[in-house]
Each structure stands twice: as structure tokens, then as C-alpha cells.
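Scroll down for the structure; my scribbles are underneath it.
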Protein chains: 2
Amino acid sequence: MADNGKDITIYDIAKKLDISAATVSRGLQDHPRVNKNTKKLIRKTAEEMGYHFNSFASNLRKKKSKVIGVIVPRLNSNFMSDVIAGIEKVVNNANYGLFISQSLETMQREISNADAMLNNRVEGLLVSLAYNTTDVDHFREFIRRKTPVIFFDRVTELENCPLIHIDNFKAAYEITLHLIDQGCKRIVHITGNLLRNVYKDRFDGYKKALEDRGIPFDDSLVIVNDLSAAAGTVAAQQILQMTPLPDGVFSSNDICAIACMLAVKQAGIKIPQQLAFAGFNNDPTCCVVEPNLTTVNYKGYEMGEVAAKMMINYLTDKDSVQPAHSVILRSELLVRESSLRK
Amino acid sequence: MADNGKDITIYDIAKKLDISAATVSRGLQDHPRVNKNTKKLIRKTAEEMGYHFNSFASNLRKKKSKVIGVIVPRLNSNFMSDVIAGIEKVVNNANYGLFISQSLETMQREISNADAMLNNRVEGLLVSLAYNTTDVDHFREFIRRKTPVIFFDRVTELENCPLIHIDNFKAAYEITLHLIDQGCKRIVHITGNLLRNVYKDRFDGYKKALEDRGIPFDDSLVIVNDLSAAAGTVAAQQILQMTPLPDGVFSSNDICAIACMLAVKQAGIKIPQQLAFAGFNNDPTCCVVEPNLTTVNYKGYEMGEVAAKMMINYLTDKDSVQPAHSVILRSELLVRESSLRK
DNA sequence: CTGTTAGCGCTTTCAT
DNA sequence: ATGAAAGCGCTAACAG
């Protein structure tokens with residue numbers, strides 16, 4: 001910025017060097033057919049004059065933004081901040097910027113966020129759906145514009161958008177089998193909004209495991225809440241009032257499982273002898289709580305990286321118009337003391 | 001976007017309605033002196049034609065971006081993701097966008113992030129410094145351009161930039177006094193890079209408390225590391241080898257304190273009887289670990305909100321060229337079992 | 001209340 | 001290897 005308060009432009013540099021703005025533009029972009037010395041001179045002068053590239057002008061002209069949009073339910077969960085960190089690293093290394101917003105779990109805000117992404121002409125959109133999103137028409141305009149949309153974790157089928165997630169059904173199936181193998185026969189399942197694949201699939205995995213082991217599914221053992229710590233504490237009270245007392249709890253996330261476990265423990269229940277526990281996510285807290293919580297390991301950082309790399313590939317290898325392909329990331333059962341009865 | 005693959009512009013709308021582009025622009029902006037019906041018609045037509053506002057063109061013309069930049073060391077810590085969530089909410093509600101990047105604790109990346117912020121003409125910048133940033137010249141250009149820069153948490157004096165933080169000295173002083181009052185006489189202090197105010201001030205508070213209680217400061221009781229969980233485990237080994245064994249530990253963050261505590265506990269040390277513990281941040285895990293960790297409550301969400309609101313105020317109340325003012329947020333000592341020996 | 005016009009700063013043919 | 005010129009889409013005087 002010049003001292004008169006105005007931005008230095010390539011024209012200012014051009015005038016000073018008595019060359020054309022076109023050459024300055026090319027020089028700054030390291031265009032092959034610009035004289036090496038001219039380039040060097042342009043860079044030096046730009047630096048000296050305090051020139052700063054104007055992305056708007058460039059974006060307007062080139063009709064692209066070098067920015068990738070991200071819409072997530074909340075930023076402040078251990079899982080999601082890991083995802084974002086992974087995305088940011090990949091995106092930044094590829095010289096793209098990140099435009100981030102949170103839907104705060106409401107579809108209404110998700111829609112307005114999507115609109116802002118459109119106005120800012122993001123070149124790609126990474127989305128994890130809000131708790132109560134019922135339809136995804138607000139993402140169709142991106143598809144019409146051929147702007148890639150990739151869903152991760154909380155996904156949904158939409159045209160040919162790639163989905164990045166784990167096999168929630170299988171992971172839940174395995175963790176439930178594990179509880180059964182430890183001798184549990186009445187297993188409570190705490191879950192979230194079944195509209196979301198992550199909760200629906202885990203619920204289905206739970207039911208399938210019961211079925212495969214010949215345990216009848218009991219509706220009254222299912223608790224639906226928002227999976228927060230507070231909800232976990234409330235769930236503990238519900239569980240304590242069930243007769244007979246259940247002998248296992250599989251919560252669809254760790255935060256809720258841990259709060260619930262602490263509360264029933266407080267009430268004098270022995271864990272895992274009387275009540276075995278299992279969660280989901282492998283939150284760091286699992287290894288702090290006593291007994292350590294059995295869970296499904298499923299790290300966000302990697303998911304963020306994978307989603308972002310896929311996006312960067314789409315945007316970079318213009319040729320590879322490969323059909324959109326979804327990715328199922330690995331997850332693993334981590335057995336810890338909270339469920340070990342043998 | 002039209003079906004031919006080109007964006008619909010205000011000119012397309014203007015042509016269709018046989019009015020001028022200026023009127024369309026005004027209508028879309030809800031300009032007062034545009035006929036109500038015309039406005040309604042413009043909106044309806046824009047909607048029908050699939051028009052989407054082009055921020056670049058607008059930004060270029062208006063020389064403003066309606067975007068606020070954020071540079072933080074890492075996105076994936078409980079504290080920082082809370083801060084970001086608070087910022088995002090305020091910024092989004094004020095109809096600004098968020099451009100986020102992480103320095104990954106290096107000054108080099110902080111500099112390149114700052115450069116990207118400049119290119120994208122952010123209207124304001126919120127910064128929490130990287131671990132090893134030694135000078136902040138890379139932010140001077142923003143000041144020259146009168147782009148407000150606000151530091152939070154990990155702050156530094158720079159021109160008149162507002163600083164948002166807590167009284168780290170006082171909080172550390174109080175928590176150390178508390179340990180002393182519980183009978184601790186040899187208190188280990190685990191800290192991070194003393195270049196950063198947060199660690200330096202806490203260290204100073206610790207020393208002052210010792211001094212005020214007539215306990216000589218002992219250099220060999222100070223452990224400097226990166227305050228990660230892994231570092232906490234290592235610190236535990238160092239502590240166990242100290243003779244005589246210390247009787248208290250004050251760690252500059254909770255994550256490190258908890259890892260350390262779990263490790264010494266594992267080694268058979270009784271907490272708090274043999275070794276009392278205190279951390280900093282009030283991470284949710286404090287209430288899960290046994291015994292619960294004494295700490296300083298200091299929530300990020302509020303800090304993010306305060307920083308963002310101040311920024312929005314600067315950007316909105318053009319008149320209030322009030323001198324930059326820093327804010328010291330409240331923090332509170334939370335005494336829990338890990339330090340209660342009486 | 002509405003239209004005309006001149007850019008914002010950059011990129012990119014098309015020339016030379 | 002460099003220049004001239006047009007235009008990306010929007011806004012804000014200014015004029016009426």
C-alpha cells in the first residue's frame with residue numbers, strides 16, 4: 001500500500017519500470033516467456049513498492065477463487081477440529097484458502113452457509129451434515145455448476161458426490177458382538193438423530209449383532225438423545241431405573257458414554273462387572289476415564305486429509321474426470337477395561 | 001448459473017426486465033429509493049434465473065471483502081476449537097466470512113499465512129501467535145493499511161493492537177499459593193516456550209507465589225517442554241527421579257498435567273497426598289481424571305466471541321475510532337481433589 | 001425513482 | 001519477449 005493510502009497495482013509497477021502491465025502480470029506469475037532479468041526486476045520492485053496481489057481482481061478475471069468451502073455442524077468437538085486441521089494442512093499446502101462455517105446443527109443455517117459459499121464462488125465444498133437436515137437441495141446448485149461437493153462423516157447420497165466415511169454398520173456390529181461375547185445380554189444403545197447415517201448405521205449394526213446372537217431386540221433399551229455429556233448424565237438416570245438393570249451400554253459416541261459411565265459409577269454400579277460400557281470415536285478422554293473406555297478408533301485428521309486431497313485432485317487434474325468414488329476409511333475396535341469382564 | 005454454463009449477472013436480469021443494471025444492483029441491495037414493486041420483481045427474477053451474487057466483483061469495486069482472517073497455532077485443541085467456534089458464530093451473524101489458517105506453531109508458516117490474508121484483503125485479522133514466533137513484522141503491513149489486528153491468548157505488544165487475554169500471572173500466582181497452602185513446599189512447574197506471554201506470565205506468577213511464601217525458587221524443579229500429553233508422560237519420569245520427591249506439580253496446561261498425573265499414579269504415587277497436581281485451562285477431561293484436576297477455568301468460546309465482537313465493532317462503527325483497548329477476561333481457580341490435602 | 005458511465009485490478013488473446 | 005486493449009461483474013457518482 002502506498003503512503004497515500006491506496007493499493008499499489010501492477011500498473012504502478014509497470015509505470016515505474018516503463019514496461020506494460022501485462023508484462024508485470026506475467027512476470028509475477030513466473031510466465032515462461034518473460035525475460036529472466038525483467039522478472040527479477042519486477043519482483044524486486046513489487047517488493048520495494050509494497051505491492052500485494054489482489055485476489056479479487058484475479059478471481060474475477062479468471063473466474064476462480066482458489067478457495068475451498070467447508071460446512072460442518074460444529075467446530076468445537078475433538079473429532080471435528082481434527083478433521084478441520086487435516087483439511088487445512090492439505091488445502092494450504094496446495095495453495096488454496098479455506099472458507100469455513102458451521103451450521104450449528106440446523107438445516108436453516110446450513111442453507112445460508114451454502115449460499116455464502118456460492119457467493120464466494122468456492123471451487124469445491126466439503127460438507128458434514130447438520131443434525132436435522134432433511135433434504136440437501138441447497139447443494140444442488142453446486143452440482144449444476146460442476147463445483148465438486150464431497151460429503152464426509154455425516155453423509156448422504158446426492159447425485160454422484162463422493163462420500164468419505166467409515167463402515168459404521170460394521171464397527172457397531174463388532175463392538176456389540178464384543179459386548180455380547182463378554183456376557184452382556186441386555187445392552188442399552190444410546191444414539192442420536194437416526195436421520196444421520198452415522199447413527200442409523202451404528203444402530204443397525206447393533207441390531208444385527210443382537211439378531212445374529214439370538215438376542216431379541218428390545219425397544220425399551222434404546223435411548224435417543226443429542227449425545228452430549230449432559231445427555232449422558234440424564235441417560236444414566238434412565239438406565240438406573242430400568243428393571244432389571246441392563247448389563248451393557250453401547251453409546252454412539254464417547255462423550256456421552258463417559259458422562260453416563262461416571263454417573264452410574266457414582267451411583268455405586270460396578271463397571272464393567274455389573275454394567276459394561278462401549279463408546280465410539282476414540283476420544284482422548286477414553287484413556288483417562290476409569291475404567292478406560294472400549295471404543296472404535298476413527299480419527300478425524302486422516303478423514304480431513306483424505307477429503308481435502310480428493311478435492312485438490314479434482315481441482316488439479318482437470319483431465320482425470322474419473323467418476324466420483326467414495327472412500328470407506330478404516331476403523332478399529334479398541335477393547336479396554338470398561339467392557340472386559342473375562 | 002445459466003444452462004450454457006455461464007453465470008447469470010445483473011445485466012442478464014436487467015435485460016430481461018428491461019431496466020438498467022444499476023437498478024438491479026440497487027434492488028438487490030435493498031436500496032431505499034427503488035420502487036418496492038421493482039425490488040420484488042428483481043428479487044423474483046433473480047431467483048428464477050438462478051442468479052448468484054458475485055462477491056469478487058463487488059469486493060473489487062468496493063475495495064472491501066467482508067471477510068475476517070484468523071491465524072492460530074493449531075485448530076485441533078479443545079481450547080482453540082472453542083475459540084474458533086465463538087468467533088465463527090459472531091462473524092457469521094454479522095454477515096462476514098471467515099478465512100482460517102493455522103501456523104502449525106512455526107513462524108515461517110505464520111508469515112505465509114499472513115501474506116495470504118493480505119492477498120485476500122481480509123478486513124481484520126485475529127491472531128494467536130505460534131510457539132516460536134520471535135518478531136511480528138509480518139503484521140505491520142496490516143497496520144499500515146489500517147486493517148485492525150487483534151491478538152488473543154498468545155499475544156504480544158504491537159503498535160496499538162488490542163490484546164485479549166486473561167491475567168495469566170495472577171491465575172498462576174493464585175493456583176501456586178493454593179498448592180502451598182495445601183502444604184506443598186517443593187512444587188514442580190511444567191511450562192512451554194517462555195517466549196509466549198501465556199507461559200512466561202504463568203511462570204512468573206508461580207515464582208512470585210513462592211517468593212511471597214518464603215520458599216526459595218529452585219531451578220531444577222522447572223520442566224520446559226511442549227506441553228503435549230506425550231511430554232507429560234516424559235515429565236513424569238523426570239519427576240519420579242527427583243530426590244527428594246517433589247510434593248506438588250503445577251503444569252501450564254491440563255493435557256500435560258493429566259498425562260503426567262496418570263503416569264506417576266501408575267508408578268504408585270498417591271495423589272494428592274504424596275504429590276498434588278494443578279493444571280490450567282479447565283479442559284473437560286479434568287472432571288474425568290481421578291482424582292479430578294484442580295485448574296484455572298478459562299473458556300475459549302467466550303474469548304473468541306469477545307475478540308470477534310470487538311473486530312466487528314471496529315469494522316461497523318466507523319465513527320468510534322476509539323483508541324484500541326485491550327481486554328482482560330476473567331479466569332477462576334477451580335479447586336478439585338487433585339490438590340486437596342486438607 | 002431510474003439510467004449512464006466510468007472504473008475497481010488483473011489476465012489474456014492477439015499483435016508485433 | 002513485450003504491448004495494446006478488452007472485459008470479468010459490480011457499484012456509485014452524477015444526472016435527470
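No hydrogens, no waters, no symmetry mates; every other heavy atom, side chains included, goes into these values.
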| query | Minimum heavy-atom separation for L28(B) to A46(B), with atom names? | reply | CD1-CB, 4.4 Å
| said: Checking contacts here: which listed nucleotide (dC10(C), dG3(C), dT2(C)) is nearest the side-chain heavy atoms of S20(B)? | reply: dG3(C)
| task | Give the rounded distance in Å between these two atoms: CD1 of I13(A) and P of dG9(C). | result | 12 Å
| Nearest heavy-atom neighbours spanning N193(A) and Y131(A) | N-OH, 2.9 Å
| Quick one: N59(A) CG to dG9(C) P, roughly how many Å, whole number? | 15 Å
| task | Using atom CG of L17(B) as one end and atom C1' of dT2(C) as the other, report the distance to the nearest whole Å. | result | 14 Å
| Out of dT11(D), dC10(C), dG9(C), whichever nucleotide has its closest atom nearest the side chain of K63(B) | dG9(C)
| message | Within the 4.0 Å heavy-atom criterion, would you say F56(B) contacts the bases, only the backbone, or no part of the nucleic acid? | response | nothing
| Residue-phosphate contact under 4.0 Å: Y11(A) side-chain N/O, dG3(D) OP1/OP2 | no
| field | Minimum-distance nucleotide (side-chain atoms of V34(A) versus dG3(C), dT2(D), dT11(D)) | value | dT2(D)
| task | Grab the NZ-P distance between K15(A) and dG3(D) for me, whole Å please. | result | 15 Å
| task | Decide yes or no for F79(A) and V72(A): does some side-chain heavy atom of the first lie under 4.5 Å from some side-chain heavy atom of the second? | result | no
| What's the CD1-C1' distance between I42(B) and dG3(C), to the nearest Å? | 13 Å
| remark: The nucleotide from dC10(C), dT12(C), dC8(C) with an atom nearest the side chain of L60(B) is dC8(C)
| query | Heavy atoms, side chains only, cut-off 4.5 Å: are H52(A) and D115(B) in contact? | reply | yes
| remark: Sorted by number, residues from residues 113-121 of chain B placing a heavy atom under 4.0 Å from DNA chain D are none
| field | Side-chain heavy-atom pair R26(B), T23(B) within 4.5 angstrom cut-off | value | yes
| F56(B) and F56(A) aromatic ring geometry - parallel, tilted or perpendicular at 30°/60° bounds | parallel
| said: Would you say S25(A) places a side-chain N or O within less than 4.0 Å of OP1 or OP2 belonging to dC10(C)? | reply: no
| task | Would you mind reading off the distance between Q29(B) atom CD and dC1(C) atom C1', rounded to a whole angstrom? | result | 15 Å
| Test: E305(A) and K299(A) ion pair at under 4.0 Å | no
| Contact summary for L75(A) and I100(A), nearest pair of heavy atoms | CD2-CG2, 3.8 Å
| Salt-bridge present (R145(B), E141(B); N to O < 4.0 Å) | yes
| task | Tell me which of R61(B) and I10(A) sits closer to the 5' end of DNA chain C, going by the nucleotide each one is nearest to. | result | R61(B)
| query | Should S25(A) and Q29(A) be marked as a side chain to side chain donor-acceptor pair (under 3.5 Å) after you check the CA-CA gap, both sets of side-chain angles, and the distance that decides it? | reply | CA-CA 6 Å; S25(A) 175; Q29(A) 295 172 75; 3.0 Å; yes
Could I get a table of every N or O pair under 3.5 Å where one atom is in the protein and the other is in nucleotides 13-16 of chain D?
from, atom 1, to, atom 2, distance (Å)
dA13(D), N6, R26(B), NH2, 2.9

| task | Round to the nearest Å and state the distance from N54(A) atom CG to dC10(D) atom C1'. | result | 14 Å
| message | Rounded to whole Å, please give me the gap between CG in L28(B) and P in dA12(D). | response | 13 Å
